[in-house]
Amino acid sequence: MEPQFRAIADHALLVSFAAEISEDTHAKVVALDTAIGANMPVGVIETVPALVNLLVSFDPIITDHIVVEDHVRSCLKDMEVGQVSGVRRHVHVCYEAPLAPDLNAVATATGLSIDAVINAHLAGDFHVLMYGFAPGYAYLSGVPEPIQVPRKSAPVRDVPAGSVIIAGPQCLITTLTMPTGWSIIGRSPTAILTGDPNHPFLFDVGDHLTFERIDLTTFERLNKGNCS
Amino acid sequence: MTDAVFSVSFAGPLVTVQDAGRPGNMRYGVPASGPMDSLAYDAANAALGNLPGATAIEISLGGLMLQCKEGAVTLAITGGDFVVEHGAHKTSSWTVLTIHKGERLAIRAGKAGSWAYLAFAGSVESKDWLGRQATHSTSGFGGGALQAGQSLVISDAGIRDDRLGEIVQPDFTPEGPIRVVTGPQDHHFSAGAVERLLSEAYKVTDAYDRMGMRLKGPVLELDGALSIPSEPIVRGSIQVSGDGVPTILLADHQTTGGYPKIATVISCDTDRLAQFRAGHSLRFTSISSDHAIDDVRTLMGLKAQYLSQISVPRGSLAQRLMRENLLHGCVFD
């Protein structure tokens, strides 16, 4: 499919590569995001990469849909899909009680032992697809097929920040105390909201991520350093 | 200059610190936040001669009561038609007044409007996040929500006698239906759904906060696809959930989501939309994206002119007379 352009109100352009999610499509989103970011045209405020499309948000006093679309078309011509490899990030996770309330249920649902669920999760090659829902909520693809479970029928309230949660092929590390219908399989002391003004969010879309197991004592020691 | 210190005697829900917002972070799940009604917010700062984007307080229908504990400061109140009580003196929003140590100020829901703004001739001391003080209400990041019992410190508090009194209200706010550009998923709706959105009346419900405004009205049926791959959302996106009910996303919107969006409210109309209250009936009209650009440029021109007019100090009575005389080309003896 040729990229499709839709005008969003008076201040944004949505560039869509496909109707369905695929690795190839997401690679195009990341490539276009990188290409525009390397050469931000006058009046463009930001780009927002998602699963199958990219939003280009602009100041309508300075530019318009037609000018922005022309620029995007020239970026599309020059961009190299698959050239952006992203950085590999390492995130600590503790799978011990009381930090992993749904680990048992995931084991039961998948017919695996708890250790097998943990090992499968540790073996996953996770990929940052997009942010959404709340600040710092990075949607990660790459939950191995044997431990993919559907969302729970009802969300659970007040799930603590740092929870490592899964649903279907996706995984997420929460940054706020929020409700979730995903399965909570562990807790991470790694700060996604870094507090560093020059690099306030740990991941960029397109980054890869590996989980590293820690025990409860290590979790408690590392978690003390975080104020969130 | 010294500080003015207030204690918060009462603050309703969603009374928050806001500056002009933090655009540029949507890729990290962070909407711009900032004022729900940016025109009223800008007017409050302009009426005091503040720099655009100075930090102010956004007041919800819940209202706010302050007592001045130390110092004195001139402040501006704009937005909707709220009730303002300064000691025994009762007035309404769109006013500039000076509050002194020991005096009380109450700002309460009045005849119209959902959001009022309180700006100070001085700097509001508050936390910032990503370099801005605007509050993101769902996380509380930024300056945050005001709570009863806390103090509110205004540093470099100034007295601006030449700015006191009523603020001229903007007279260029468009009336009539809320303007939208259809899409991007209008094709996911059953035949007639877009037409229904553009021809029927919808009502604002009380499911209304800084994230969005849920409407009530004719159901907008989806054509099969109940969800789409999650994609970016903007302020003004009209998303439709599985039950066919539209919700307009506003200042603290989620940055991505999987509900189809039938249309997007243009930026010219989000300020007046935000001032509607539960029960208010509204209609939508569709315009092209080219037309939307023309409209926003016209409105921004009028807004700039208006803000520059109200930012001129009125001066003392003598100065005002002098100015009037000069303007009219004759001088009284």
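Chain letters run A, B, ... following the sequence lines, proteins first, then strands; residues in each count from 1.
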Cut-off 4.5 Å, heavy atoms of chain A, and the answer for B/Ile266 is both
Residue selection (most heavy-atom pairs with chain A, distance under 4.5 Å) from [options]:
options: B/His291, B/Arg297, B/Gln254; result: B/Arg297
options: B/Pro184, B/Cys268, B/Gly140; result: B/Pro184
options: B/His136, B/Lys261, B/Arg179; result: B/His136
options: B/Ser139, B/Ser230, B/Pro23; result: B/Ser230
options: B/Val180, B/Thr255, B/Ile293, B/Val181; result: B/Ile293

Within the supplied structure, the quantity of interest is the number of heavy atoms (other residues, nucleotides, ligands) at a distance under 6.0 Å from A/Arg88 CZ; does it exceed 12?
yes
Side chain from CB out, backbone as N, CA, C, O: work out which of these in A/Ala19 comes under 4.5 Å of a heavy atom of chain B, or both, or neither.
backbone
Tell me, for A/Phe58 versus chain B, whether the close heavy atoms (under 4.5 Å) come from the side chain, the backbone, both or neither.
side chain
I'd like to know if the side chain of [X] pairs up with that of [Y] as donor and acceptor (distance under 3.5 Å, no hydrogens or angles considered).
X: B/Gln133; Y: B/Asp19; value: no
X: A/Asp10; Y: B/Ser267; value: yes
X: A/Thr25; Y: A/Ser22; value: yes

Please determine, among [options], the option with the most heavy-atom pairs under 4.5 Å with chain B.
options: A/Pro197, A/Ser57, A/Pro49, A/Ala12; value: A/Pro49
options: A/Ala134, A/Pro200, A/Ala138; value: A/Ala134
options: A/Leu14, A/Ile192, A/Ile45; value: A/Leu14
options: A/Ala7, A/Ala50, A/Pro60; value: A/Pro60
options: A/Ile61, A/Thr177, A/Ile66; value: A/Ile61

Starting from the C-alpha separation in whole Å, work towards a yes-or-no answer on side-chain hydrogen bond (donor to acceptor under 3.5 Å, both in side chains) for B/Ser237 and B/Gln239.
CA-CA 6 Å; B/Ser237 292; B/Gln239 70 176 24; over 6 Å; no
Would you mind reporting whether B/Val234 and A/His11 have side-chain heavy atoms less than 4.5 Å apart?
yes
Do the side chains of B/Ser114 and B/Met36 get nearer than 4.5 Å, heavy atoms only?
no
Presence of salt bridge, B/Arg214 and B/Asp243, under 4.0 angstrom
yes
Under 4.0 Å between a side-chain nitrogen and a carboxylate oxygen: does that hold for A/Asp204 and B/Arg27?
no
